**Q** 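Before I ask anything, let me first share the structure, which is written out below as structure tokens.
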Amino acid sequence: MEVRGRGPRGEAPWKKLSKEELENQYSPSRWVIRRGAEETLRTYSRIGEEATKNARATRRSLLHVPYGDGEGEKLDIYFPEEVSEASPFCLFFHGGYWQSGSKDTSAFMVNPLTTRGVAVVIVAYDLAPKGTLDQMVDQVTRSIAFVQKQYPCNEGIYLCGHSAGAHLAAMMLLANWTTHGVTPNLKGFFLVSGIYDLEPIVYTTQNAPLLMTLEGAQQNSPQLLLEAALTRPSDPACHVLVTVGQHDSPEFQRQSREFYQTLCRGGWNASFEEIRDADHFEIIWNLTQQDSVLTQMILRTILREH
């Protein structure tokens with residue numbers, strides 16, 4: 001899909017925005033269209049809580065499994081009806097601007113995916129201010145290595161992240177797996193309404209608990225890291241799906257389009273989809289629906305492999 005955006009050497013458009021407009025662009029709840037901001041956030045929390053409660057009541061699961069020694073280093077594994085260590089595994093990393101959210105309210109996709117034979121893993125990580133971005137990236141890396149070691153016969157590991165979680169998943173495109181003693185069987189990435197260049201966040205109130213410096217933002221920006229390195233995929237068949245909501249803010253849309261373009265220049269097997277009539281929150285809570293557009297895209301990618 002042809003998309004518009006800044007080339008690799010162009011000036012970032014966000015630098016031309018006023019402080020007020022930059023704040024507005026990076027406040028997703030200000031862009032919702034069907035509900036007010038507060039009602040949207042309440043609905044998002046309610047749907048996540050209900051989906052998780054339902055998944056825990058109806059699916060075989062292993063809950064609060066430690067993947068490291070830290071208090072926040074735990075994950076939940078939900079299995080399909082036909083339990084097999086050779087299942088494909090989809091790992092989900094929740095959003096919340098690296099400072100809110102929980103695995104305990106993020107099992108949106110569990111029932112639609114497990115119904116089709118896909119095991120789903122919901123991963124927790126330490127949130128700011130307790131956790132730094134460097135720590136979160138390391139935790140996500142170790143959670144993936146843990147799943148690979150626990151289920152070495154898996155039919156593929158797929159990473160799905162929303163918003164800040166999409167950023168953490170995207171950082172895995174650059175992970176050095178040799179230090180973890182295992183190379184995960186990564187087959188696909190589903191990046192949903194993500195942030196891939198963290199520099200603009202430094203100049204918003206979202207940075208208050210993060211305490212990101214400009215240097216720290218650059219070191220944790222997959223957009224900038226891929227532009228600089230043009231890292232080549234170890235598996236050319238690994239598919240990266242970049243999605244954004246039609247009603248996400250223009251800055252979120254720009255970031256997704258530019259990240260997709262950078263992936264294409266780097267030789268990744270990437271595709272881009274704007275999810276029609278969805279905002280930043282609807283795009284992920286719709287994953288509770290078997291027939292939602294994004295759920296079907298994810299299932300087609302995973303099941304086509306098998």
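Just so it is clear, the values below take in all heavy atoms, side chains as well, and ignore hydrogens, waters and symmetry mates. Predicted model only: the values in this text are computed from it and were never measured.
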**Q** Shortest non-hydrogen contact from V244 to S193?
**A** CA-OG, 3.9 Å
**Q** Are any non-hydrogen side-chain atoms of H162 and I283 less than 4.5 angstrom apart?
**A** yes
**Q** Quick one: are T288 and N54 in side-chain contact, heavy atoms under 4.5 Å?
**A** no
**Q** Which pair of heavy atoms, one from N269 and one from C238, lies closest together, and at what distance?
**A** CB-O, 3.4 Å
**Q** Distance check, rounded to the nearest 0.5 Å: L168 atom CG versus I195 atom CD1?
**A** 10.5 Å
**Q** Under 4.5 Å between any side-chain heavy atoms of V140 and M171, yes or no?
**A** no
**Q** Can you list the residues that meet the side chain to side chain contact (heavy atoms under 4.5 Å, CB included) rule with S163, with sequence neighbours excluded?
**A** F252, H280
**Q** Can you confirm whether T114 sits close enough to E81 that some side-chain heavy atom of one is under 4.5 Å from a side-chain heavy atom of the other?
**A** no
**Q** Measure from the side-chain N and O atoms of E199 to the backbone N and O of S221, and report whether any donor-acceptor pair falls under 3.5 Å.
**A** no
**Q** Are W31 and Y44 connected, step by step, through hydrophobic side chains (Ile, Leu, Val, Met, Phe, Trp, Tyr) whose heavy atoms are closer than 4.5 Å?
**A** no
**Q** Say whether V192 and I33 are linked into one hydrophobic cluster, either directly or through other cluster members, by side-chain heavy-atom distances under 4.5 angstrom.
**A** no
**Q** Before accepting this row, confirm whether a basic side-chain N of the pair R142/D69 lies closer than 4.0 Å to the acidic partner's carboxylate O.
**A** no
**Q** To check you understand the geometry: which heavy-atom pair defines the closest contact between A145 and V182, and what is its length?
**A** CB-CG1, 3.7 Å
**Q** Any heavy-atom pair between the side chains of Q255 and W14 that's under 4.5 Å?
**A** no
**Q** Does L214 belong to the same Ile/Leu/Val/Met/Phe/Trp/Tyr cluster as L22, with side-chain heavy atoms less than 4.5 Å apart forming each link?
**A** yes
**Q** Which heavy atom of H64 sits nearest a heavy atom of D104, and at what distance?
**A** CE1-OD1, 3.6 Å
**Q** Whether the side chain of E21 engages the backbone of S18 through a donor-acceptor N/O pair (distance < 3.5 Å, no angle test) should be reported.
**A** no
**Q** Between T262 and R265, does any side-chain donor sit less than 3.5 Å from a side-chain acceptor?
**A** yes
**Q** Scan side-chain atoms only and decide if Y26 and E251 contain a donor-acceptor pair under the 3.5 Å cut-off.
**A** yes
**Q** Are the side chains of T52 and D76 in touch, meaning some heavy atoms are under 4.5 Å apart?
**A** no
**Q** Which value, rounded to the nearest 0.5 Å, describes the distance between M212 atom CE and Q218 atom CD?
**A** 11.0 Å
**Q** Any carboxylate oxygen within less than 4.0 angstrom of a Lys/Arg side-chain nitrogen, looking at K187 and E155?
**A** no
**Q** Report the distance from atom CG of L113 to atom CG of L303, rounding to the nearest 0.5 Å.
**A** 8.0 Å
**Q** Between E50 and K53, is there a salt bridge with N-O shorter than 4.0 Å?
**A** no
**Q** Picking from V242, L287, T243, I302, what satisfies side chain to side chain contact (heavy atoms under 4.5 Å, CB included) with F190?
**A** I302
**Q** Determine, step by step, whether R35 and E282 satisfy the side-chain contact (heavy atoms from CB on, under 4.5 Å) criterion, reporting the C-alpha distance in whole Å, the side-chain angles of both residues, the deciding distance to 0.1 Å, and the verdict.
**A** CA-CA 11 Å; R35 302 168 174 82; E282 292 168 339; 3.7 Å; yes
**Q** Hey, does the side chain of Q99 reach the backbone of A128 with a donor-acceptor pair shorter than 3.5 angstrom?
**A** no
**Q** Is there a continuous path of hydrophobic side-chain contacts, each under 4.5 Å between heavy atoms, that joins L174 to Y196?
**A** yes
**Q** Could you give the distance from CE (M297) to CD1 (I275), rounded to the nearest 0.5 Å?
**A** 4.0 Å
**Q** Quick check: is V147 connected to L62 through a chain of hydrophobic side chains (ILVMFWY, heavy atoms under 4.5 Å apart)?
**A** yes
**Q** What distance do D134 atom CG and N220 atom CG have between them, rounded to the nearest 0.5 Å?
**A** 5.0 Å
**Q** Checking the side chain of Q139 only, and the main-chain atoms of D126 only, is there a donor and an acceptor separated by less than 3.5 Å?
**A** yes
**Q** Kindly give the heavy-atom pair with the smallest separation between L263 and A270, and that separation in Å.
**A** CB-CB, 3.9 Å
**Q** Can you confirm whether or not the ring centre of H94 sits under 6.0 Å from the ring centre of Y125?
**A** yes
**Q** Is the shortest side-chain heavy-atom distance between T141 and M172 below 4.5 Å?
**A** yes
**Q** Find out whether T40 and S29 are in side-chain contact, i.e. whether some heavy atom of one side chain is under 4.5 Å from a heavy atom of the other.
**A** no
**Q** Any side-chain donor paired with an acceptor under 3.5 Å for N154 and Q148?
**A** yes
**Q** If we check side chain to side chain donor-acceptor pair (under 3.5 Å) with Y78, which of these qualifies: R59, R56, R60?
**A** R56
**Q** If you apply the rule side-chain contact (heavy atoms from CB on, under 4.5 Å), what do you find for Y260 with C264, and how did you get there?
**A** CA-CA 6 Å; Y260 161 70; C264 291; 3.4 Å; yes
**Q** What's the shortest heavy-atom distance between Y67 and A124, and which atoms?
**A** OH-O, 2.6 Å
**Q** What verdict does the side-chain contact (heavy atoms from CB on, under 4.5 Å) test give for L294 and N286, after you've listed the backbone C-alpha separation in whole Å, the side-chain angles of each residue and the deciding distance to 0.1 Å?
**A** CA-CA 8 Å; L294 184 53; N286 286 343; over 6 Å; no
**Q** Could you go step by step and tell me if I47 and F281 meet the side-chain contact (heavy atoms from CB on, under 4.5 Å) rule?
**A** CA-CA 11 Å; I47 292 175; F281 303 94; over 6 Å; no
**Q** Side chains of T205 and E23: do they bring a donor and an acceptor to under 3.5 Å?
**A** yes
**Q** Enter the distance from Q135:CD to L127:CG here, rounded to the nearest 0.5 Å.
**A** 11.5 Å
